[in-house]
Amino acid sequence: HPSNRVASARDKQPHHLLPTMSDEYEHYDDSDIEDEEEEVLTHAEHKAKGNESYKGKDYRRAIAQYTLAIETAKSELEDADESLAKETKPLLASYYGNRAAAFTMILKYRDAIEDCDAALAVDPTFTKAHTRKGKLQMTLGDLDGAKKSFSLGMIRDPNDSAMLKQKEEVDTMQKRY
């Protein structure tokens with residue numbers, strides 16, 4: 001017999017398709033949580049997980065993993081001797097660079113620029129950060145900043161033809177406007 005209430009979309013779905021409370025928590029397993037708490041990853045392992053997420057286009061998860069890589073590497077640097085610091089600094093710069101790339105993919109350009117600056121503060125020879133920063137500045141319409149970034153990168157690596165091309169593109173754009 002007909003009911004007095006209006007049927008909702010939920011009522012029209014076959015009951016086997018409706019989520020149940022157990023479905024919601026199915027992926028939560030106590031043993032997983034315990035394993036995660038016991039497992040301490042190195043900065044390189046966090047970077048690898050970040051790279052995996054990035055390749056899978058899960059940029060937010062990649063950002064989270066690169067952030068963990070950055071934090072882990074920074075804490076390692078606090079206790080590092082000179083040789084370990086020399087080894088870790090370029091890695092730390094690359095983690096900032098990777099996170100900047102992930103920020104770029106979700107259109108967080110200013111955050112990406114901050115990471116490029118952080119990478120260069122840690123390792124001024126990391127020319128990829130100059131290139132990425134310059135491209136981001138171009139995207140944001142900061143042609144003067146972009147030109148400066150490409151110029152600084154070219155001081156570090158005068159033979160980088162891609163950076164030279166980018167700088168020339170900025171020059172052309174500046175002439176147009």
Less than 4.5 Å apart, side chain to side chain, heavy atoms only: is that true for [X] and [Y]?
X: Glu52; Y: Gln65; answer: no
X: Gln174; Y: Asp144; answer: yes
X: Met154; Y: Asp160; answer: no
X: Asp123; Y: Leu92; answer: no
X: Ile63; Y: Ile106; answer: yes
X: Leu136; Y: Thr104; answer: yes
X: Glu45; Y: Lys49; answer: no
X: Lys148; Y: Phe150; answer: no

inquiry  = If I take atom SG from residue Cys116 and atom CZ from residue Phe103, how far apart are they, to the nearest 0.5 angstrom?
reply    = 11.0 Å
task = Measure the CZ-OG1 distance between Phe126 and Thr131 for me, rounded to the nearest 0.5 Å.
result = 9.5 Å
For [X] and [Y], which heavy atoms make the closest approach, and how far apart are they?
X: Ser151; Y: Lys167; value: OG-CE, 3.0 Å
X: Ala100; Y: Arg132; value: CB-CD, 3.8 Å
X: Ala146; Y: Val170; value: CB-CG2, 4.0 Å
X: Gly50; Y: Ala62; value: O-CB, 3.4 Å
X: Arg156; Y: Pro124; value: NE-O, 3.1 Å

task = Begin with the C-alpha distance, continue with both residues' side-chain angles, and end with the deciding distance and a verdict on side-chain contact (heavy atoms from CB on, under 4.5 Å) for Lys133 and Gln137.
result = CA-CA 6 Å; Lys133 182 179 177 181; Gln137 289 167 314; 3.4 Å; yes
message = Less than 6.0 angstrom separating the ring centers of Tyr54 and Tyr59, yes or no?
response = yes
Treating Ile, Leu, Val, Met, Phe, Trp and Tyr as nodes and any side-chain heavy-atom pair under 4.5 angstrom as an edge, say whether [X] and [Y] lie in one connected cluster.
X: Leu120; Y: Leu152; answer: no
X: Ile70; Y: Leu91; answer: yes
X: Met163; Y: Leu143; answer: yes
X: Leu164; Y: Ile155; answer: no

task = Start with the C-alpha distance between Leu140 and Arg110, add both sets of side-chain angles, then the distance that settles side-chain contact (heavy atoms from CB on, under 4.5 Å), and finish with yes or no.
result = CA-CA 9 Å; Leu140 293 172; Arg110 298 200 190 287; 3.5 Å; yes
message = Quick one: does any side-chain atom of Tyr66 pair with a main-chain N or O of Asn51 as donor and acceptor, under 3.5 Å?
response = yes
message = Any side-chain to backbone donor/acceptor pair from Ser75 onto Thr72? Under 3.5 Å, distance only.
response = yes
task = Go through the steps for Met138 and Gln166 under the test side-chain contact (heavy atoms from CB on, under 4.5 Å), then give the verdict.
result = CA-CA 10 Å; Met138 285 177 69; Gln166 290 287 332; 3.6 Å; yes
request  = Just do the side-chain contact (heavy atoms from CB on, under 4.5 Å) check on Leu77 and Leu84 with the steps written out, would you?
outcome  = CA-CA 8 Å; Leu77 273 173; Leu84 182 60; over 6 Å; no
query = In chain order, what residues pass the side chain to side chain donor-acceptor pair (under 3.5 Å) check against Asp81, with sequence neighbours excluded?
reply = Ser83
note = Contacts of Asp58 meeting salt bridge (Lys or Arg N to Asp or Glu O under 4.0 Å) (sequence neighbours excluded), chain-then-number -> Arg61
task = For salt bridge (Lys or Arg N to Asp or Glu O under 4.0 Å), just list the numbers for Arg99 and Asp115, CA-CA rounded to whole Å, side-chain angles, deciding distance to a tenth of an Å, and then say yes or no.
result = CA-CA 7 Å; Arg99 191 170 71 176; Asp115 274 358; 2.6 Å; yes
